[in-house]
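I have placed the structure first, in the form of structure tokens, so that the comments after it can refer back to it.
Convention: sequence-line order gives letters A, B, ...; per-chain numbering from 1.
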There are 2 protein chains.
Amino acid sequence: MATGRTHRPATRSRGIPEATVARLPLYLRALTALSERSVPTVSSEELAAAAGVNSAKLRKDFSYLGSYGTRGVGYDVEYLVYQISRELGLTQDWPVVIVGIGNLGAALANYGGFASRGFRVAALIDADPAMAGKPVAGMPVQHTDDLEKIIEENGVSIGVIATPAGAAQQVSERLIAAGVTSILNFAPTVLQVPEGVDVRKVDLSIELQILAFHEQRKAGEETGAAAEAPVSGAGASAAAGAGTGAGGTGAAPAAAVEPPAGRGAATARKNGPEGDVPAVMPA
Amino acid sequence: MATGRTHRPATRSRGIPEATVARLPLYLRALTALSERSVPTVSSEELAAAAGVNSAKLRKDFSYLGSYGTRGVGYDVEYLVYQISRELGLTQDWPVVIVGIGNLGAALANYGGFASRGFRVAALIDADPAMAGKPVAGMPVQHTDDLEKIIEENGVSIGVIATPAGAAQQVSERLIAAGVTSILNFAPTVLQVPEGVDVRKVDLSIELQILAFHEQRKAGEETGAAAEAPVSGAGASAAAGAGTGAGGTGAAPAAAVEPPAGRGAATARKNGPEGDVPAVMPA
DNA sequence: TATTGTGAAGAGATTCACAGCC
DNA sequence: GGCTGTGAATCTCTTCACAATA
């Protein structure tokens with residue numbers, strides 16, 4: 001402890017943990033809000049609360065960036081905003097294209113928080129010729145035929161895919177071939193991309209399914225069952241805070257659906273984890 | 001190895017790791033696709049490829065659910081679809097409300113994959129009186145005043161918030177007070193909720209910022225810099241697969257923005273991680 | 001022979017707790 | 001006295017590698 005500088009591989013190498021990177025935008029948002037209220041400094045405790053994490057984690061995260069705080073005082077808000085922005089690459093301007101201007105694509109194009117933080121919608125692209133030229137969010141939709149030209153002329157390296165699932169893979173290949181190296185994928189499909197290309201995905205139905213899992217567990221707990229059966233990571237069951245009384249029993253779901261119906265090449269079926277079958281039974 | 005049953009805390013307790021839960025929907029989607037093509041069985045290797053993970057992880061994940069495979073053969077597709085659905089609680093019907101019917105809310109309401117897997121949009125709610133009664137996705141929008149009534153009458157336990165950031169906290173409190181215990185939050189704000197309520201968030205701008213971070217790093221690597229400087233978790237830099245050539249140099253971003261401008265209670269400023277200041281310099 | 005299921009090792013992330021500094 | 005920065009401990013997740021087995 002405190003014997004200078006030991007961790008961090010060796011020479012330079014930034015090596016910020018991925019988990020930390022994923023939280024930096026959260027801190028940045030909280031800090032921006034403080035900055036707008038002209039708050040000059042903030043402690044790790046306060047900032048952590050605003051960002052919805054605990055203070056030890058926040059301090060550890062910041063320690064990967066450098067020593068930007070003042071002991072006994074806290075962090076200078078403006079300075080930290082700048083440092084995090086720089087670390088995230090937001091001091092640059094990132095032109096972005098959105099491919100697939102349906103409901104979702106249009107919503108994304110209209111989303112304000114987009115432009116605010118270093119990102120700029122350079123073009124909207126759709127495969128439907130009927131869409132071409134129509135203005136969405138004050139910008140004419142362009143046809144997929146010109147995708148490569150648009151990417152190259154605008155120096156786009158980040159693409160957003162909001163097409164139907166069936167088109168996503170092909171769109172990603174064209175984007176990548178034209179020079180895009182980061183993709184934000186809203187289509188409910190797994191993209192296969194070459195090494196060196198980053199893909200992040202946003203999937204409504206996956207998120208809902210994860211919630212349903214936890215919801216089901218909660219329902220099970222009400223009905224007896226050893227209170228000792230939590231998922232490892234505790235989901236996202238948030239810290240206290242506001243809260244208007246925690247509400248009643250949690251509202252039970254409605255009907256059951258789709259029983260097993262052992263069709264197909266039925267071979268398997270062995271042991272479930274243990275005896276306790278919840279809610280719906282297997283067969 | 002095969003010496004019976006050692007891990008898992010003790011008595012019953014399901015204890016599926018959160019990371020596993022988060023992947024189950026992915027497996028389910030891949031399996032559903034196989035099922036539609038009437039593929040009877042699948043190996044961990046094939047399924048893993050389709051889901052975009054490696055096979056060891058997949059097998060480990062499935063091992064938490066039970067022994068549903070057949071050595072030398074693979075997994076029965078139909079059976080596994082059912083088991084995962086059950087584990088996720090998708091054999092039930094989950095009524096969901098969407099609050100905030102702007103661009104995004106409307107897009108969500110229209111999103112098909114919603115209804116398909118156990119979820120049903122029970123109501124669309126918006127604070128704008130002008131919206132009330134207007135049909136969106138074939139369903140009349142209802143006014144926020146009736147929120148509590150709607151939640152209770154429909155037994156809703158999952159709420160989706162697609163309001164502006166400013167309204168989200170208050171909406172979440174009303175949802176929770178009315179009985180909702182799981183929230184999917186699209187508003188760019190951290191919700192403070194009481195213990196026992198699960199929140200998952202989807203945030204476009206956070207995802208873009210994470211991509212920008214990796215993008216910036218890639219750009220830096222081109223310009224010399226010890227090739228040994230990866231982020232711990234390797235982001236989402238996907239496995240190989242298709243890929244149309246990995247494209248050119250990756251397109252450099254355009255102008256720089258917003259220098260430090262040391263205003264406010266300027267105190268801090270010490271050491272950055274190490275000497276190498278990239279792109280934009282601090283002061 | 002092909003493929004699962006899983007201990008054990010390894011890597012990462014979180015939390016603790018306290019020394020160091022303002 | 002208050003708060004940061006960080007080693008060390010702990011916990012969780014991933015990967016390895018191979019015995020068990022259809």
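- Taking only side-chain nitrogens and oxygens, B:N54 never comes nearer than 4.0 Å to OP1 or OP2 of D:dT14.
- Atom CG of B:L58 is separated from atom P of C:dT3 by 14 Å (rounded to the nearest Å).
- One atom, OH of B:Y27, and another, C1' of C:dT4, lie 14 Å apart when rounded to the nearest Å.
- Note: A:L90 CG to B:Q209 CD = 5.0 Å, rounded to the nearest 0.5 Å.
- Here C:dG7 presents its P atom at 10 Å from OH of B:Y64, a figure rounded to the nearest Å.
- For B:F62, the ring-ring contact (aromatic ring centres under 6.0 Å, His included) partners are B:Y27, B:Y75, not counting sequence neighbours.
- Applying the 4.0 Å criterion to OP1 and OP2 of D:dT4, one finds that A:S44 has a side-chain N or O inside that range.
- We find that NZ of A:K60 is positioned 14 Å from P of C:dA17, with the value rounded to whole Å.
- Checking A:Y79 against A:Q83 by side-chain atom types alone, a donor-acceptor pair falls below 3.5 Å.
- Listed candidates were C:dT14, D:dC13, D:dA22. Nearest to the side chain of A:R23 is C:dT14.
- Checking A:R86 against A:T91 by side-chain atom types alone, no donor-acceptor pair falls below 3.5 Å.
- What separates CD of B:E45 from C1' of D:dT15 is a distance of 13 Å, to the nearest Å.
- For a distance-only test at 3.5 Å, the side chain of B:R71 fails to qualify as a donor-acceptor partner of the base of D:dT21.
- Listed candidates were D:dC16, D:dC13, C:dG5. Nearest to the side chain of B:S67 is C:dG5.
- OP1 or OP2 of D:dG5 has at least one side-chain nitrogen or oxygen of A:Y75 nearer than 4.0 Å.
- Atom CD in A:E18 sits roughly 18 Å away from atom P in C:dA11 (whole-Å rounding).
- Regarding A:L80, its CG atom lies at a distance of 11 Å from the P atom of D:dT4, rounded to whole Å.
- Checking A:T189 against A:Q169 by side-chain atom types alone, no donor-acceptor pair falls below 3.5 Å.
- At C:dG20, none of the side-chain N or O atoms of A:R59 fall inside 4.0 Å of OP1 or OP2 (strictly under the cut-off).
- D:dT6 atom C1' lies 13 Å from atom CG of A:D61, rounded to whole Å.
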